[in-house]
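Working notes for the structure below.
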Amino acid sequence: QVQLVESGGGLVQPGGSLRLSCAASGFTFSSYAMSWYRQAPGKERELVADMSNAGGRRNYADSVKGRFTISRDNAKNTMYLQMNSLKPEDPAVYYCAAARRNTIVEVTIASWDYWGSGTLVTVSS
């Protein structure tokens, strides 16, 4: 049974920080490219960041570049998203996703084979 379980969401103040985790099981995590997506109310799901299986390739949406960092620990079968300087446009349900490929050159939403159920991030004073 393939599972992706997000955690670490919650309520933070504007300008604050939060670290999300995605725990993977049921597949060879170290062989899979990984990504974070988010979906705000009334919005389409959008790519936040993605990473190749060994961390040699990382990409970020322009809206989060310089503030968010994607990383992974293959020994722990876990992916992370460090979010700093959170802004009003950042609140959303954040999802992790996995692809049965080492690297994805042209990333689309169809690139991903497995999805987690999401964790909610809220920014409020």
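Checked against ring pair (Phe, Tyr, Trp, His ring centres under 6.0 Å), Y94 has no partners two or more places apart in sequence or in another chain. Listed by chain and residue number, nothing satisfies the ring pair (Phe, Tyr, Trp, His ring centres under 6.0 Å) test with F29 (two or more places apart in sequence, or in another chain). Not counting sequence neighbours, the partners of R100 by the salt bridge (charged side-chain N to carboxylate O under 4.0 Å, His left out) test are D113. Considering only residues two or more places apart in sequence or on other chains, E46 meets the side-chain contact (heavy atoms from CB on, under 4.5 Å) condition with R38. Applying the salt bridge (charged side-chain N to carboxylate O under 4.0 Å, His left out) criterion to R101, with sequence neighbours excluded, gives no partner residue.
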How far apart are the C-alpha atoms of W36 and L81, what are their side-chain angles, what is the distance that settles it, and do they pass the side-chain contact (heavy atoms from CB on, under 4.5 Å) test?
-> CA-CA 8 Å; W36 287 99; L81 184 68; 3.4 Å; yes

Enumerate, atom names and distances included, each donor-acceptor pair closer than 3.5 Å involving a side-chain atom of residues 118-125, sequence neighbours excluded.
residue	atom	partner	partner atom	Å
T119	OG1	G9	N	3.2

Contacts table for residues 55-62: side-chain donor-acceptor under 3.5 angstrom, sequence neighbours left out:
residue	atom	partner	partner atom	Å
R57	NE	I104	O	3.4
R57	NH1	D50	OD2	2.6
R57	NH1	I104	O	2.9
R57	NH2	I104	O	2.9
R57	NH2	V105	O	3.4
R58	NH1	I70	O	2.9
Y60	OH	I70	N	2.9
D62	OD1	K65	NZ	3.2

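Taking all atoms of both residues into account, the shortest heavy-atom contact from A98 to L4 is N-CD1, 4.0 Å. The nearest pair of heavy atoms linking S111 to A99 is O-CB, 3.3 Å. Between L47 and A49, the closest heavy-atom pair is CD1-O, 3.6 Å.
Residue pairs that meet the salt bridge (Lys or Arg N to Asp or Glu O under 4.0 Å) test with at least one member in residues 21-36, sequence neighbours left out, do not exist here. Applying the disulfide bond (SG atoms under 2.5 Å apart) test to every pair with at least one member in residues 47-89, sequence neighbours left out, gives no pairs at all. Applying the side-chain hydrogen bond (donor to acceptor under 3.5 Å, both in side chains) test to residues at least two apart or on different chains, the pairs with a partner in residues 75-87 are S17-N84, Q82-N84. For residues 17-101, the set of pairs meeting the disulfide bond (SG atoms under 2.5 Å apart) definition, not counting sequence neighbours, comprises C22-C96. The list of salt bridge (Lys or Arg N to Asp or Glu O under 4.0 Å) pairs with a residue in residues 6-18, not counting sequence neighbours, is empty.
Clustering ILVMFWY residues whenever any of their side-chain heavy atoms sit less than 4.5 angstrom apart, transitively, puts V12 in the very cluster that holds F68. In the hydrophobic cluster analysis, where Ile, Leu, Val, Met, Phe, Trp and Tyr join through side-chain heavy atoms closer than 4.5 angstrom, V5 is grouped apart from V93. W112 and Y95 end up in the same hydrophobic cluster when Ile, Leu, Val, Met, Phe, Trp and Tyr side chains are linked at under 4.5 Å.
The backbone N or O of N53 sits less than 3.5 Å from a side-chain atom of N74, completing a donor-acceptor pair. In this structure, the side chain of T28 does not engage the main chain of S30 through any donor-acceptor pair within 3.5 Å.
Taken to the nearest 0.5 Å, the CE atom of M79 stands 8.0 Å off from the CZ atom of R72.
Checking W115 against Y37 by side-chain atom types alone, no donor-acceptor pair falls below 3.5 Å.
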